[in-house]
Structures are given as structure tokens and as C-alpha cells.
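Remarks on the structure that follows.
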There are 2 protein chains.
Amino acid sequence: MKLSTTGRYGLRAVLDIALQDGNEAVALSQIAERQGISLNYLEQLIARLKKSGIVSSVRGAQGGYKLALPVESISVGDILRALEGDLNPVDCPEFTGVSGNCNNADLCVTKYVWKRISDSINSAVDGIMLSELVEESRKVQVMTGASDQNRSKQTC
Amino acid sequence: MKLSTTGRYGLRAVLDIALQDGNEAVALSQIAERQGISLNYLEQLIARLKKSGIVSSVRGAQGGYKLALPVESISVGDILRALEGDLNPVDCPEFTGVSGNCNNADLCVTKYVWKRISDSINSAVDGIMLSELVEESRKVQVMTGASDQNRSKQTC
DNA sequence: TTTAATCTATATTAATTTACTCGGTTATAG
DNA sequence: CTATAACCGAGTAAATTAATATAGATTAAA
């Protein structure tokens with residue numbers, strides 16, 4: 001029941017772009033360095049974010065990525081689902097809508113549990129906008145006098 | 001972000017015991033057969049449940065397992081945490097209380113996200129009592145005329 | 001006191017997933 | 001043209017998960 005590095009790294013990457021906030025595209029290599037994530041790996045993560053319309057890309061020299069929407073319009077839920085797929089605790093076809101073969105659908109009671117967990121996770125992350133994280137991040141940076149340079153590798 | 005079979009099988013096993021509800025212990029081999037789970041594997045799961053005080057065992061011939069508490073006093077959260085460990089989406093020492101070395105603790109903003117997800121999951125599962133599942137299960141069985149015999153292998 | 005049925009513990013294996021790495025292609029600013 | 005940076009597909013090593021297997025200890029009924 002853990003989020004993979006995909007979700008953790010990816011969210012940090014989006015937040016990184018949001019914090020640069022100029023109109024210029026942010027190069028992946030810079031994000032990779034600041035966040036201590038492998039560039040090659042980051043490419044795979046950002047591809048999912050692009051596919052979901054969260055970031056847009058500018059190709060070629062001086063290119064990079066920028067947010068496709070204002071920070072107030074992007075929820076953490078959007079980001080995490082883009083990265084991790086759905087946020088359901090089980091692959092139960094009964095409530096995910098995917099046509100599957102749960103041959104015990106009518107007898108299965110635990111699906112109510114999975115549904116409640118799923119709903120609570122999704123409403124939690126949908127209630128957090130990227131703008132909140134940006135604000136919070138700015139506060140923290142002012143308080144600690146932190147800069148990109150003294151930011152070290154993160155464990156979570 | 002998926003629950004493992006440990007959590008899924010284990011919850012079903014506890015519910016199975018609750019539904020037998022006599023004062024007699026339920027043999028693991030019976031649960032294994034009814035739920036379509038390997039006996040050896042089930043033994044590992046039930047051990048965690050016993051360790052957490054959710055079930056108690058009766059050894060020897062005619063032995064088995066029974067609930068250590070009334071169904072109204074056991075929450076799905078208790079069961080899932082016994083099986084899966086914590087239900088936190090990340091191993092962030094900042095909010096799990098475990099003394100760890102998050103060298104970016106003061107700069108890390110995503111931890112607020114993880115904390116909110118964690119809280120929502122835990123309050124969701126703590127709000128579901130085993131008694132609810134038992135009730136729901138009885139309703140379903142009456143409606144469908146289901147018996148143990150026609151219960152087939154479940155996928156979720 | 002057998003004997004059957006159960007719980008307990010540990011070790012091994014197979015399958016799957018995760019977390020990357022690598023090599024190359026395409027596009028664009030300067 | 002050339003440097004830079006996005007894009008793409010495949011491959012791989014490590015870790016985790018899901019079992020399976022083995023051996024033994026405990027208990028209670030016959």
C-alpha cells in the first residue's frame with residue numbers, strides 16, 4: 001500500500017516546475033539535478049504527465065517543460081493519477097468500471113471496503129491544489145533561507 | 001498503490017470466521033477451501049492476525065481460530081494494519097513517528113500530501129466495523145441464496 | 001497412548017513489479 | 001551547422017510479492 005517512486009518523484013518534479021514559474025520552459029536536466037533524480041528515469045515520468053495534459057513541452061535547444069494549466073487548476077489527484085494510474089487499493093472491476101471478470105461479484109462484500117478506501121484517497125488528493133503546495137513551499141523557503149543549492153536528496 | 005494479497009485474503013479470512021460465528025473454532029483448512037486460498041499461505045496471514053490480537057487460536061484436533069473480540073469491536077483498519085503493517089502511502093519519518101533520516105525534512109512540502117492521504121485512508125478503514133461486513137454479507141447471502149458450496153474463487 | 005488434526009516456523013522458489021540504464025532519433029534556437 | 005533538449009523503445013538488475021514446501025510441536029479425541 002505504498003506509492004511508488006513514480007508518484008513521489010513525479011509530484012516533486014511538477015512542483016519544481018511550478019516553483020520556477022517563469023514563462024520559460026524548465027529543462028529536465030535541471031529538475032533532475034535539483035531533485036536528485038536520474039534524468040533518464042525522469043523522462044519516463046514526465047511523459048506520463050505530458051500525456052495527461054498536466055505539462056506541455058518545448059522541443060529543441062532552450063526547450064523544456066512548463067505547466068499546461070495554472071497552478072490553481074491542477075490538483076495533486078490529477079498529478080498522482082497521471083503518474084500511478086488509478087489510486088484504487090485493488091483492481092476490482094465492480095467499482096473501477098473496467099469490464100472484468102469478478103466471478104464473485106454478487107457475493108463479494110469486501111468490495112465496499114475497497115470502494116470506501118478508494119473514495120477517501122481520491123477526495124483527499126483532489127482537495128489539494130498545486131497552488132497550495134507552491135505557497136507552502138515558498139513559506140518554507142523564506143523561513144529556512146533555503147536555496148536550490150543546499151537542497152539535498154530526498155527520501156520521501 | 002495497491003493492497004497486496006495479504007490484505008485482501010486476510011480480510012476475507014477474518015470475515016469468513018465471523019460468518020461462521022458459532023463458539024467453535026474454525027479450522028484453517030476450511031477457510032482455505034471456502035476462500036480458494038492455499039492453506040500454507042493462509043497460515044502466514046493468520047499468524048499476523050493472531051499476533052495483533054484479532055483472532056485467537058485453539059490448538060489440537062477440532063481446533064482452529066475464532067475472533068478474539070466481538071465483531072462490533074474490530075475495525076477493518078485494525079485488520080488491514082495487522083496484515084499490511086501501516087497504511088501510509090510513503091515511509092516518511094516525519095509523520096510516521098519512526099526515527100528516520102529525512103535529510104530534507106524542513107524543505108519537504110510533499111509530506112503534507114502524504115499525511116493527508118494517510119489520514120484519509122486510516123479514518124476510512126477505522127470507520128468500518130467487522131459487524132457491518134457481517135450484516136452486509138448475510139443480506140447478500142439471503143438475496144442470492146448463496147451457500148458456501150457455490151462460492152467460487154474470488155479475484156478481489 | 002496412540003493418532004489425527006491442528007498450529008508454528010523457516011526456507012526456498014517463481015513470478016511480478018519497480019527502478020532504473022542505454023542507445024538512438026527528432027526538433028529547434030543560435 | 002551544432003549544441004541542446006525533448007522523445008522513443010528496449011533491456012536489465014534489484015526488490016518485492018506470492019506462494020510452496022518441509023519439518024516439527026502441540027493438543028484433544030478415541
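Hydrogens, waters and symmetry mates are skipped; everything else that's a heavy atom, side chains included, is used. Order of the sequence lines fixes the chain letters, A, B, ..., with proteins taken first and strands second; residue numbering starts at 1 for each chain.
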So, [X] and [Y], do they make that salt bridge, N to O below 4.0 Å?
X	Y	result
A:Glu136	A:Lys139	yes
B:Arg81	B:Asp126	yes
B:Lys115	B:Asp119	yes

Any side-chain N or O of [X] less than 4.0 Å from the OP1 or OP2 oxygen of [N]?
X	N	answer
A:Ser57	D:dC7	yes
A:Tyr65	D:dA5	no
B:Tyr9	D:dA19	yes
B:Thr5	D:dA18	yes

Indicate, with a heavy-atom threshold strictly under 4.0 Å, whether [X] touches base, sugar-phosphate, or nothing.
X	value
B:Ala25	nothing
B:Ile46	nothing
A:Lys50	sugar-phosphate

Counting only distance, no hydrogens or angles, is the base of C:dT26 paired donor-acceptor with the side chain of A:Arg59 under 3.5 Å? yes
Closest-nucleotide ordering on DNA chain C, the 5'-leading residue of A:Gly60 and A:Glu43: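 Looking at the nearest nucleotide for each, A:Glu43 comes out on the 5' side.
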Return the 5'-most residue of the pair A:Thr6, B:Ala47 with respect to DNA chain C, ranking by each residue's nearest nucleotide.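 Of the two residues, B:Ala47 wins.
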Looking only at side-chain atoms of A:Ala61, point me to the closest of C:dT8, D:dA18, C:dT28.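 Selected nucleotide: C:dT28.
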Could you check which of D:dT20, C:dC7, C:dT21 has an atom nearest any side-chain atom of A:Asn40? C:dT21
Would you call A:Ile54 and A:Leu69 a side-chain contact if the rule is heavy atoms closer than 4.5 Å?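 Heavy-atom side-chain distance check fails, nothing below 4.5 Å.
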Quick one: are A:Asn122 and A:Asn88 in side-chain contact, heavy atoms under 4.5 Å? yes
Whole-Å distance separating the [atom1] atom of [X] from the [atom2] atom of [N]:
X	N	atom1	atom2	result
B:Leu39	D:dA23	CG	C1'	15 Å
B:Tyr41	C:dT8	OH	C1'	17 Å
A:Leu3	C:dT18	CG	P	11 Å
A:Lys2	C:dT17	NZ	P	19 Å
A:Leu42	C:dC22	CG	P	16 Å
B:Glu84	D:dA18	CD	C1'	13 Å
A:Leu45	D:dC7	CG	P	14 Å

Residue pair A:Ser29/A:Met1 against DNA chain D: nearer the 5' end by closest nucleotide is A:Ser29
Between B:Ser4 and A:Gln44, just flag the one whose closest nucleotide in DNA chain D comes earlier from the 5' side.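 Final value for this comparison: A:Gln44.
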